[in-house]
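Structure first, then comments.
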Amino acid sequence: MRRLPVLVSLALVLVALLAGIWAGGHPRLLPGFVRDTLVGDSQAQVFQEALDKVDADYYKPVDEDRLLDKGLTAVVGSLGDRFSHYLSPRARTQFDLSTAGRFEGVGLNVAEIPAGLRVVAVFAGGPAARAGLRVGDRIVAVNGRSLSGVPSEAATARIKGPRGTDVRLTVVRGGKRREQTLKRAAVEVPIVQSRLVQRDGRRLGYVSMSQFTTNAGAAVGKRTRKLIADGAKGIVLDLRGNGGGLLDEGVSTASVFLPDGLVVYTKGRNRPRHDFEATGDAIAGDVPVVVLVDRGTASASEIVTGALQDRRRATVVGTRTFGKGVFQEIEGLSNGGALDITVGEYFTPKGRNLGPRDGEPGGITPDVRAADDPKTARDEGLERALRVLGSG
């Protein structure tokens with residue numbers, strides 16, 4: 001019998017793996033629940049046949065871990081869902097750190113744009129701040145690889161990495177393109193920041209969140225109550241550039257302003273409807289609230305914004321939000337990696353799903369439109385939000 005050419009054997013690995021996912025089965029390399037649930041016996045046989053031929057005949061040793069990573073990346077990519085990803089063991093570690101408010105990288109908060117990433121926050125003391133990166137800069141390539149059309153999760157994974165290692169960013173500012181090499185470091189993300197602001201003789205509170213990590217909701221509650229105790233007569237909750245995070249922390253944050261009732265509900269093909277209710281201990285209902293948003297406001301940020309808007313608890317100021325009407329769950333794999341996979345949709349208390357529908361862009365339409373001009377040193381969006389709050 002003739003041996004299959006090496007390239008054909010390699011192709012069979014991915015084709016069989018993809019076929020196995022769609023038809024169900026259990027090839028040797030797949031992690032437990034994927035193997036047992038998704039792959040059928042006939043596909044497993046073809047997969048094993050191709051794998052054995054590669055292992056026996058390829059002219060170099062085969063790295064099965066790398067083969068697994070590439071295969072699972074192809075599987076999830078075949079779904080055509082920009083929000084679903086396979087996380088390698090290394091990427092899973094970075095993800096777990098980021099949800100705890102820590103990571104190893106350059107100290108940026110970014111939003112996805114067609115050309116790559118737009119910088120929405122630069123963390124003080126981090127490598128990016130020391131290198132002079134600014135809010136509004138566009139990162140279009142990492143280590144020479146273009147970020148055009150790359151989902152934000154994958155793009156940021158290229159920037160993150162072990163402390164002490166170098167990463168080369170291609171940055172565009174004012175139409176000028178330049179290369180900058182930064183040395184990665186351990187970064188603590190300032191998740192919640194707050195301050196008192198004086199406007200027309202009144203004290204107003206300002207609270208900003210960069211993402212919804214573990215205990216972020218409790219931190220918002222603590223900062224908000226402290227501002228009110230210090231005399232704040234209203235609160236601006238700034239969610240601009242906040243791409244979301246943990247759903248439970250979104251519910252916890254909304255509960256700072258809602259004493260009870262529905263915050264959001266979810267459902268999916270294999271997920272029955274689940275209602276998330278406010279957890280209690282909210283601030284007084286007569287304290288006016290403004291939520292400040294922009295196109296980078298997504299996911300858990302939209303859950304909070306949508307709940308406060310639907311429940312008439314806050315005025316929304318800014319621009320239309322991102323429009324992410326789906327949610328993901330992390331499904332751990334036995335190799336130490338994970339599937340970050342979309343499992344359902346979420347809906348605001350009035351039943352709105354914020355994802356794109358029938359050609360409409362999705363997202364939340366603000367009650368008062370306002371946008372920051374990146375060409376000026378002023379924060380026009382925040383100024384508008386404070387005026388709206390002060391007039392309430």
Side-chain angles (χ1 to χ4, degrees), residues 1-96 142-158 160-162 268-271 326-345:
M1 181 180 293
R2 294 178 57 192
R3 293 176 177 175
L4 290 174
V6 170
L7 290 178
V8 174
S9 297
L10 287 171
L12 274 174
V13 171
L14 287 180
V15 170
L17 182 58
L18 289 168
I21 286 294
W22 291 114
H26 49 274
R28 174 168 60 90
L29 283 182
L30 282 176
F33 82 90
V34 179
R35 179 179 62 246
D36 296 338
T37 306
L38 299 179
V39 184
D41 289 337
S42 61
Q43 285 77 26
Q45 184 177 355
V46 175
F47 180 91
Q48 190 63 59
E49 179 185 357
L51 182 62
D52 288 344
K53 289 181 181 296
V54 171
D55 189 41
D57 296 339
Y58 191 58
Y59 77 107
K60 292 181 179 180
V62 176
D63 184 338
E64 290 194 351
D65 288 339
R66 184 172 183 274
L67 189 64
L68 173 63
D69 285 347
K70 294 290 185 182
L72 289 177
T73 298
V75 167
V76 179
S78 73
L79 299 174
D81 177 8
R82 63 188 295 194
F83 302 118
S84 292
H85 308 283
Y86 164 67
L87 302 177
S88 68
R90 177 174 171 272
R92 170 72 185 276
T93 298
Q94 287 286 346
F95 178 87
D96 290 343
V142 177
N143 293 328
R145 298 171 62 193
S146 172
L147 296 182
S148 178
V150 177
S152 61
E153 292 89 346
T156 55
R158 294 183 190 177
K160 296 174 182 177
R269 182 171 63 90
N270 288 317
R271 300 290 190 281
V326 295
F327 69 100
Q328 290 70 44
E329 288 183 0
I330 298 295
E331 304 280 358
L333 302 177
S334 59
N335 70 332
L339 297 180
D340 179 15
I341 191 166
T342 300
V343 297
E345 299 176 293

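Atom set for the values below is all heavy atoms of this structure, side chains included, hydrogens, waters and symmetry mates excluded. Along the sequence shown, residues are numbered consecutively beginning with 1. Model, not experiment: these values are computed from the prediction.
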What I'd like to find out is whether the side chain of Leu79 reaches to under 4.5 Å of the side chain of Ile341, using heavy atoms alone.
yes

Taking only residues two or more places apart in sequence or in another chain, which ones pass salt bridge (charged side-chain N to carboxylate O under 4.0 Å, His left out) with Arg92?
Asp96

To the nearest 0.5 Å, what is the distance between OG1 on Thr93 and NZ on Lys160?
12.0 Å

How close do Arg158 and Val142 get, heavy atom to heavy atom, and via which atoms?
O-CG1, 3.7 Å

About how many Å separate CZ of Arg269 and OG1 of Thr342, when rounded to the nearest 0.5 Å?
12.5 Å

Nearest 0.5 angstrom please: Phe95 CZ to Asp340 CG, how far?
5.5 Å

Looking only at non-hydrogen atoms, find the nearest pair between Gly332 and Ala338 and report the distance.
CA-CB, 4.1 Å

With rounding to the nearest 0.5 angstrom, report the CD to CG distance, Glu64 to Asp69.
12.0 Å

Nearest 0.5 angstrom please: Leu339 CG to His85 NE2, how far?
11.5 Å

Minimum heavy-atom separation for Ala155 and Leu147, please, with both atom names.
CB-CD2, 3.9 Å

Indicate yes or no: at least one non-hydrogen side-chain atom of Leu333 is less than 4.5 angstrom from one of Leu72.
yes

Where do Arg90 and Pro162 come nearest, in terms of heavy atoms and distance?
NH2-CD, 3.3 Å

In short, Glu329 meets Arg271 closest at the heavy-atom pair OE1-NH2, 2.8 Å

What pair of heavy atoms forms the shortest contact from Tyr86 to Thr73, and how long is it?
CD2-OG1, 3.5 Å

